[in-house]
Each structure stands twice: as structure tokens, then as C-alpha cells.
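For ligands, and for the atoms within them, numbers begin at 1 and follow the listed sequence. Fair warning: this is a prediction, and the values are worked out from it, not measured in the lab.
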Amino acid sequence: MKPWHAVLAAADDSLHQALGRFGRFRILLVVDAERRLLGTVTDGDVRRALLRGETMDAPLARIMNPHPRTIPLNTPRSAALTMMKSLDIYQLPVVDQGVVVDLLILSDMVELTGERPNWTVILAGGQGKRLRPLTEHLPKPMLTVGGQPILETIVQELAAHGLRRLYLAVNYKAEIIKRHFGDGGRFGVEIRYLEENEPLGTAGPLGLLPERPVDPLLVMNGDVLTKADFGQLLAFHESRAAGATVGVRLFEMEVPYGVLEFEGDRVSAIVEKPVQPFKVSAGIYALDPAVLPERPVPLDMPDLLRGVIASGGTVTGFPIHEYWIDIGRPPEFRQAAADFDALFVGS
Ligand code: GDD
Ligand code: MG
């Protein structure tokens, strides 16, 4: 028996019988024999009923709110919490086709807020070819930046944002990663592995998840050092009801020449070394569970995102203004090492 079962009541129970059963839930769930929710009784409902002149013998059917707020089974915890806060409600029954299956209590949820329900997949299986020979003996995510593997910094950052259920998608030199991280206990997180027999690209490994997550999934590249606010990215994703949300960086590229503009064969303008701004993918994504591949087939993230768009879904972009660097090429690898202490030490 779950603790909240104590607050189940019948419509013909009297107020007298039911009082005293509120307990810490401060609500009664009035249900029929099949546990279908008929209404809820809070102490506010009791007070209003007594003011109306109801007596202690009145059946709960006359006292309950027959149209209480509920949420469907499998609603993301974060969405439930947002709803409870915005409506200023303390309890929220979870129903599955009208039947009560759980009761969420704000105080329990607030304890949870440090802890996000979302799972994270970190892509850590690439060959790191651009960083050879450094990556001949170590996979790129295990390269040291600031005295520890970059993947360890990623894990710490995720944990600091309450993301503690992590999957590492591994392939190239997987053993080295597994030996270092184990089950994650040493880092205060829970780590499981998605192991590919052949490289599946940056989205294919998601088809190896043992079950479909309930909440949106955070996916990120294992070679990105960032102070991005993952919680905000997930909240943004949910607020847009998007199929997928991509973290976005601004990338400016200077043309190293004088650029000529023409009208026919006449030069109409000359722009010296113009800077072209691009919005680029930061390799950090929130994905609705429905868009995840069901099987482990080779698939890259751009193809997954194109698929979402092609099937009429929404892909949104979430700007990342905070520090962000992809260490995948030698200059950025050196830059990250130089930046590290100012950003990550003591964080
Ligand atoms: N498990 C697994 N399997 N991981 C992989 C595979 C694979 O087949 N291929 C690559 N990865 C991992 C790499 O280890 C790395 O952590 C991450 O996926 C991204 O791969 P990179 O090889 O570093 O890609 P990129 O930097 O050229 O481009 C990606 O990141 C950019 C942002 O840094 C793309 O996502 C770009 O769209 C993005 O702009
Ligand atoms: Mg990269």
C-alpha cells in the first residue's frame, strides 16, 4: 500500500468519518469502487461546506470539488511542478483514464527540484580524428582539460544542474571510459552505458536506450566544455511543446578578402573582409521521447532533426550565451585548457 492510499475515500463517507484522515497530504481523493476519481476534498472545501450549513453527517459527495485539477500518467515531473506552482496548488492527483494512480505533493516535488527527472545521453563514441595523435590511446572525451578528463567536467556540470541519470554512448576505446566512470557512484551520479558494435552516429545510439524515457531527454556531445544552463534549456523545450530543441551558438566567420557586389558586370559595392554571422548547433539537445529512434540504426542528429521537421513537428533553438567550446580541434583544445581554471575550478 502506498502512503497516499490512506486518503482514498468513498462518496458516501460522512465528513465526520473522513476528517482526521487528511494527514500530511491535506486532501481526500473521493473515488468509486474502480478507484475512478469522483472529486477531491481539501480543508478549504470542508470550511466552505460548513459555512454553507452542511453538518458533520454530510456525505463527501456534497462536499467535494467534482472537477479537481489532475494530470495524466506520464506527465513530466517538471511540467507537473510548473503547473502546481503557477496554480498555487499543493496536491495533484495523477490519473490514467480517470483512475487515480498517484498523488503528487508540492513539498515532495520541491525537494525534487534540485534533482531533475530528465535523463541525459552523452555522446562519447567518436574517434577524435582531428586530435590525433592525442586520441590514438585515449578517446577524445577522456583528454585532460584542467587536470581532469573533459567528460568528468561534463558529468560534474550536469550533476550540478540536478541531472544525475546519465547514459554514456560509447564505442571507440569504450573500455577506458567505462573503467574511469564505472556506475557513476564516485561522481554522485548514476551512469549506464549505451554500447555500439559499430558507430551509430550522433543520434543512432539513442535507439539503444533500454526503455523510452518519460521526460524530455537531454543529449550532448562529449567534447563540449560549457557553462550552459541545462535546466533552462529543458524548461524552454517544454514551454514550446517542441519535438526537439537545439542549443544555438552564434559563430562569426570573416571573409579574408574584399567582397565585390555586382549589378550585371558593374561593381556596385565593395565590402572589405565582411563578417558573416551564423547560428550553429552547440551539440546540446532536448528531445521529446516521441522523436527518439526506436532501434539502434546509424543516424546523425541533423537527420533526426530533419525528420522531426518533415513530419510536421517543431524544432526550436535555445541560445547559449554562456561559455561554450568544442575541444575537437587542436586550437580549441588548447584554448579550453587556458580557459578552464577561471570557469570551472571550485564550481
Ligand atoms: N557513441 C557515438 N557514436 N558517439 C559519437 C559517434 C558515434 O558514432 N560519432 C561521434 N560521436 C560523439 C563524439 O565522441 C563527440 O563527443 C560527439 O559525438 C560529437 O562528435 P564530433 O565528431 O565532435 O562532431 P563535430 O564537433 O564535428 O560536430 C558536432 O558538434 C558540433 C558542435 O560542437 C555536430 O553535432 C555539429 O552539428 C555541431 O555543430
Ligand atoms: Mg566536436
Side-chain angles (χ1 to χ4, degrees), residues 119-132 134-145 149-155 157-158 166-178 180-181 191-209 217-228 233 244-253 277-287 292-293 295-309 315 317-320 322-336:
W119 305 351
T120 302
V121 174
I122 307 174
L123 298 159
Q127 298 196 20
K129 286 186 189 163
R130 288 164 297 185
L131 285 180
R132 281 181 187 163
L134 296 176
T135 46
E136 263 163 24
H137 303 290
L138 278 181
K140 179 164 62 171
M142 291 304 290
L143 292 181
T144 298
V145 176
I150 176 170
L151 186 51
E152 194 172 321
T153 306
I154 293 176
V155 167
E157 284 295 306
L158 291 167
L166 314 180
Y167 287 91
L168 304 186
V170 293
N171 180 32
Y172 178 70
K173 301 203 182 292
E175 286 312 313
I176 299 181
I177 296 178
K178 290 171 68 181
H180 185 81
F181 288 96
I191 293 181
R192 296 162 208 209
Y193 296 89
L194 306 177
E195 300 190 54
E196 309 159 29
N197 300 322
E198 43 152 353
L200 294 177
T202 49
L206 303 176
L208 289 167
L209 282 169
L217 185 71
L218 187 76
V219 179
M220 77 175 283
N221 291 350
D223 63 344
V224 165
L225 200 57
T226 182
K227 278 283 178 187
L233 184 144
T245 296
V246 189
V248 181
R249 291 290 293 178
L250 197 64
F251 176 76
E252 295 183 332
M253 205 156 88
F278 293 98
K279 297 183 180 95
V280 303
S281 160
I284 304 175
Y285 317 85
L287 299 179
L292 298 176
R295 279 181 310 279
V297 288
L299 182 69
D300 278 322
M301 199 54 91
D303 292 320
L304 184 148
L305 299 176
R306 286 183 198 112
V308 174
I309 297 169
V315 176
F318 177 80
I320 294 177
E322 297 86 353
Y323 182 81
W324 178 96
I325 197 166
D326 172 341
I327 65 144
R329 298 183 313 163
E332 283 81 15
F333 180 57
R334 287 191 293 272
Q335 185 62 47

Item to check | Atom pair CZ/CG of Arg130 and Asp326 - distance to nearest 0.5 Å | outcome: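 The CZ atom of Arg130 sits 6.5 Å away from the CG atom of Asp326.
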Answer side chain, backbone, both or neither: which part of [X] comes under 4.0 Å from ligand 1, heavy atoms only.
| X | answer |
| --- | --- |
| Ala124 | backbone |
| Lys140 | side chain |
| Tyr193 | neither |
| Ile122 | neither |
| Leu123 | both |
| Asn171 | neither |

Could you identify the single nearest non-hydrogen protein atom to [atom] and state the distance to 0.1 Å?
| atom | answer |
| --- | --- |
| atom 22 (O) of ligand 1 | Arg130 NH2, 3.5 Å |
| atom 23 (O) of ligand 1 | Asp223 OD2, 2.7 Å |
| atom 14 (O) of ligand 1 | Gly126 N, 2.8 Å |
| atom 38 (C) of ligand 1 | Ser281 O, 3.4 Å |
| atom 7 (C) of ligand 1 | Gly201 O, 3.3 Å |
| atom 35 (O) of ligand 1 | Tyr285 OH, 3.3 Å |
| atom 20 (O) of ligand 1 | Thr202 CG2, 4.4 Å |

Checklist entry - What is the name of the N/O/S atom in Asp223 that sits closest to the Mg ion (ligand 2)? => result OD2
Checklist entry - Nearest to the Mg ion (ligand 2), which N, O or S atom of Asp326 do we find? => result OD2
Can you tell if the side chain of [X] reaches within under 4.5 Å of the side chain of [Y], non-hydrogen atoms only?
| X | Y | value |
| --- | --- | --- |
| Tyr285 | Leu305 | yes |
| Ser281 | Val248 | no |
| Ile177 | Pro139 | yes |

Taking only heavy atoms of [X] into account, list the atoms of ligand 1 that are under 4.0 Å away from them.
| X | value |
| --- | --- |
| Pro199 | 8 (O) |
| Leu200 | 8 (O) |
| Ala169 | 1 (N) |
| Asp326 | 26 (O), 32 (C), 33 (O) |

Item to check | Residues which pass side chain to side chain donor-acceptor pair (under 3.5 Å) with Glu152, listed by chain and number, not counting sequence neighbours | outcome: His180
Item to check | Whether Trp324 lies under 4.0 Å from ligand 1, heavy atom | outcome: yes
Checklist entry - Are any of the heavy atoms in Glu196 under 4.0 Å away from ligand 1? => result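 The answer is yes, since Glu196 has a heavy atom less than 4.0 Å from ligand 1.
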Next on the checklist: Among all the protein's heavy atoms, is there at least one whose distance to atom 1 (N) of ligand 1 comes out below 4.0 Å?
Outcome noted: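 At least one protein heavy atom is under 4.0 Å away.
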Next on the checklist: Quick check: Gly222 and ligand 1, any N/O pair under 3.5 Å apart?
Outcome noted: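 Looking only at distances, the answer is yes, because the N/O contact criterion of under 3.5 Å is met.
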Checklist entry - Just one of Val219, Val308, Thr245 clears the side-chain contact (heavy atoms from CB on, under 4.5 Å) bar with Leu287, so which one? => result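 The passing option is Val219.
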